[in-house]
Every structure is written in C-alpha cells, then in structure tokens.
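Scroll down for the structure; my scribbles are underneath it.
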Number of protein chains: 2
Amino acid sequence: MTHAHDETAPVDWAERASERLALAGYRRGGARHNLIRLLAAQRCALSAAELQEALAHEQRSVSRASVYRILEELERAELVARIEVGQGIVRFEPIRHGAGHHHHLVCDHCGRLIPFSDEGLERELERVSERVPLVVAEHDVILRGECAACSEHA
Amino acid sequence: MTHAHDETAPVDWAERASERLALAGYRRGGARHNLIRLLAAQRCALSAAELQEALAHEQRSVSRASVYRILEELERAELVARIEVGQGIVRFEPIRHGAGHHHHLVCDHCGRLIPFSDEGLERELERVSERVPLVVAEHDVILRGECAACSEHA
DNA sequence: CAATTGATGAGACAAGGTCTTATATTTGTG
DNA sequence: CACAAATATAAGACCTTGTCTCATCAATTG
Ligand SMILES: [Zn+2]
Ligand SMILES: [Zn+2]
Ligand SMILES: [Zn+2]
Ligand SMILES: [Zn+2]
C-alpha cells in the first residue's frame with residue numbers, strides 16, 4: 001500500500017541511539033545528548049545547518065564540528081540516514097524500524113519534502129538489488145515533481 | 001531484465017539539445033555548443049568540475065559560471081539530469097529516450113558510479129508515481145553498497 | 001582527587017557553487 | 001556590410017557547506 005505518512009513518530013529512537021552508541025564505546029556528552037534528543041523529535045529530515053540552529057534556539061548551542069561529527073557517528077551506526085534531495089541540499093533523519101522506512105517526494109518548485117512508503121516498491125528494490133554487480137547496503141528513491149500547493153496557484 | 005549498460009551511447013542527443021534550446025529562444029554560443037558536444041559523448045554522469053576540465057583539455061576552456069549556467073538551462077529543458085551520489089558530489093548526464101534511461105549504483109567505498117536499468121523497477125516506479133500526492137515529473141533511484149573491486153581487497 | 005582519555009568549541013581551511021560586472025558574440029536591421 | 005540591441009561569456013569576488021586542527025573541557029577510572 002502506498003501512503004503518505006500521517007502517524008506520529010515513534011519516540012524510543014533516542015534510547016536506542018544512546019544505547020547503541022554507548023555499546024560502541026562512546027561517552028555521553030552534552031552535545032551528543034542534545035542532538036539525539038532533537039533528532040528523535042523529528043519525523044523527517046533536516047539539514048545540518050537547520051539542526052544546529054534548532055539546537056541553539058531550543059536547547060543549547062552546539063558547534064558545527066560537533067554537529068557533523070555526531071551525525072557521522074550516527075550514520076555509521078545506522079541510526080541516521082543522509083538524504084540528498086537536490087540543489088546540493090543534504091538532510092539527515094533518524095532511521096526507525098521497518099515500519100518507519102520510507103522514501104521521499106520533493107517539490108521542484110517550493111522544495112517541500114514529503115515522506116512516503118510503498119511495500120511493492122520495497123519488494124521490487126530488493127529483487128533488483130540481488131541482480132546487480134554490487135553488494136547493496138541501502139537504497140534511495142526520490143520522486144520529483146510539483147506538489148499540490150504549487151500546482152494550484154501556478 | 002536487469003543489466004549493466006554495455007552498449008555505446010546514442011549520438012543524436014546533441015542535435016536534440018541544440019534544437020530544443022534554439023526553440024526556447026537561446027542563441028548559439030561557443031561555450032554552450034562545446035559543452036553540449038562534450039555531454040553528448042558521455043554515457044554516464046560527470047561533475048561540473050570534471051566537465052570544465054574536460055572542456056579545457058579537449059576543446060577550449062569554458063568558465064565555471066558558463067558551465068553551471070548552461071547545465072541549468074539544460075536541466076530546465078529536461079535535457080540533462082542532476083545526480084547526487086553522496087559525499088556532496090553532484091554529477092550531470094544527458095537524458096536520453098526510453099532506451100537510455102537508467103539508474104545508478106554507487107560504491108560507498110571508492111565512489112565508483114555504475115549505471116543500470118531494470119524494466120520491472122520502472123513499471124513499479126510508474127505505478128507508485130500515480131498513487132502519490134505529487135505530480136511526478138521524474139524519479140531517481142540509487143543503490144549504495146560495495147563494488148566488486150572493493151569487496152575483494154577488503 | 002588525579003590521571004587519562006574521549007568530547008567539545010572555535011576558527012582556519014577547502015571545495016563547490018552563486019552572483020556581479022565588464023567584455024565579447026550573436027542577431028536583426030538599414 | 002555596418003551598426004545597434006540583446007544575449008552569451010569570462011573572470012573573479014563572494015557565500016555556503018563541510019572538513020580539519022588544536023586547545024580546552026568533561027567523563028571515567030582507580
Ligand atoms: Zn524522511
Ligand atoms: Zn511545492
Ligand atoms: Zn548515469
Ligand atoms: Zn568500489
């Protein structure tokens with residue numbers, strides 16, 4: 001079934017992230033703690049700059065170096081996905097269990113990012129991944145076009 | 001059928017591109033002409049920097065501003081696709097008719113970019129595009145993993 | 001608490017991409 | 001074939017994003 005996501009985000013991601021990083025031998029520092037908390041509250045992706053600004057605004061400021069370093073740790077631990085939506089913009093979002101796996105619609109006009117998921121598509125991607133000269137670790141799908149709002153007042 | 005691309009690239013793309021730009025009211029300048037010629041000779045994607053260097057080396061140098069401006073024109077005319085493969089690298093490639101349509105495998109380790117195509121996947125993407133709250137103009141699929149060369153000497 | 005080791009912040013740095021502006025080309029017209 | 005008008009281009013300043021280094025700070029350990 002194809003559907004846009006309307007459910008609220010699960011909240012246990014923060015715990016899972018902290019645990020897994022602890023197991024990987026990381027200490028718990030303030031910057032990391034706050035960034036994880038912020039990410040856990042997101043349902044879809046934010047850019048590094050947006051994350052840093054949100055931190056400074058809502059909790060306490062964290063240096064750019066820390067933001068990128070922690071995102072990289074999280075990415076390596078497969079807790080965060082890096083999403084490139086075009087125009088050189090890179091966004092990051094928490095990876096949730098099977099249920100939360102999704103792909104993205106991007107409006108070429110206003111830049112809006114809309115998550116969606118589809119089981120048939122996933123099956124097809126798995127099938128293709130088997131037939132390809134690469135050991136596939138992950139996949140990205142982006143559908144680009146014009147969103148409802150933009151088509152209207154065009 | 002899933003397969004890596006082995007055929008040689010079609011060559012009529014340059015004509016099509018020139019025509020369409022002319023129709024859109026653009027004059028024919030040297031920089032544009034050369035960039036189109038270079039792109040037409042490619043089977044897969046190159047970065048802006050690679051394009052500029054190839055131009056300087058093989059034909060005549062073209063300024064960075066021109067490379068980006070022309071790529072943007074071509075992109076708007078749906079003659080060129082922008083492909084973001086990760087690590088902030090953006091590449092550009094000519095869009096060809098049905099036959100040349102393809103997606104990409106990216107090696108997370110060495111960065112190699114391998115084109116592939118699959119009819120079943122295309123059908124599935126079309127199906128999904130109908131069911132989504134966006135008028136879909138194009139789609140991208142990227143499979144990431146480790147290429148044969150990198151898995152070997154790991 | 002002291003020592004050790006990892007975490008963080010600040011800013012220098014690099015690369016990729018955008019914007020401005022002066023100059024060069026193209027195109028239409030007399 | 002000039003010439004004027006309009007577009008295309010080159011060069012480089014500039015901005016944004018992301019990386020790297022290093023000095024400082026905080027968590028852990030005994
Ligand atoms: Zn998302
Ligand atoms: Zn929109
Ligand atoms: Zn390609
Ligand atoms: Zn490789």
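Quantities reported herein were computed from a predicted structural model and do not represent experimental measurements. Chain identifiers are assigned alphabetically (A, B, ...) following the order of the sequence lines, protein sequences preceding nucleic acid strands; residue numbering begins at 1 within each chain. Only this structure's heavy atoms are used, side chains among them; waters, hydrogens and symmetry mates stay out.
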Provide, to the nearest angstrom, the distance between the [atom1] atom belonging to [X] and the [atom2] atom belonging to [N].
| X | N | atom1 | atom2 | result |
| --- | --- | --- | --- | --- |
| B:Leu71 | D:dT9 | CG | C1' | 15 Å |
| A:Glu50 | D:dT17 | CD | P | 10 Å |
| A:Ile70 | D:dG18 | CD1 | P | 16 Å |
| B:Arg32 | D:dA10 | CZ | C1' | 15 Å |
| A:Leu21 | D:dT28 | CG | P | 14 Å |
| B:Phe92 | C:dG17 | CZ | C1' | 9 Å |
| A:Glu84 | C:dG17 | CD | C1' | 15 Å |
| B:Ile89 | D:dT19 | CD1 | C1' | 14 Å |

According to a strict under-4.0 Å criterion, is [X] in side-chain N/O contact with OP1 or OP2 of [N]?
| X | N | result |
| --- | --- | --- |
| B:Tyr68 | C:dG17 | yes |
| B:Arg28 | D:dA8 | no |
| A:Arg60 | C:dG9 | yes |
| A:Arg69 | C:dT8 | yes |
| A:Ser66 | C:dG9 | yes |

If I take atom [atom1] from residue [X] and atom [atom2] from residue [Y], how far apart are they, to the nearest 0.5 angstrom?
| X | Y | atom1 | atom2 | answer |
| --- | --- | --- | --- | --- |
| A:Glu124 | B:Glu122 | CD | CD | 10.0 Å |
| A:Trp13 | A:Arg20 | CH2 | CZ | 10.0 Å |
| A:Ser117 | A:His104 | OG | NE2 | 10.5 Å |

Across the strands shown, which category fits [X] at heavy-atom distances under 4.0 angstrom: base, sugar-phosphate, nothing?
| X | value |
| --- | --- |
| A:Ala31 | sugar-phosphate |
| A:Gly25 | nothing |
| B:Arg64 | base |
| A:Ser47 | nothing |

**Donor-acceptor pair between A:Arg37 and A:Gln59 side chains, under 3.5 angstrom** =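 The criterion, which ignores hydrogens and geometry beyond distance, is satisfied for A:Gln59 and A:Arg37.
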**Prompt:** Between A:His57 and A:Gln52, does any side-chain donor sit less than 3.5 Å from a side-chain acceptor?
**Reply:**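 A:His57 vs A:Gln52: no donor-acceptor pair found between side chains.
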Within the sub-3.5 Å range, which N or O atoms of nucleotides 2-5 of chain D have a protein N or O partner, and how far apart are they?
none

**Asked** Can the ring centres of A:His139 and A:His101 be said to be less than 6.0 Å apart?
**Response**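 They qualify: ring centres under 6.0 Å apart.
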**Asked** Which heavy-atom pair separates A:Gln42 from A:Arg96 by the least distance, and what is that distance?
**Response**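 Smallest heavy-atom distance, with atoms named: O-NH2, 2.6 Å.
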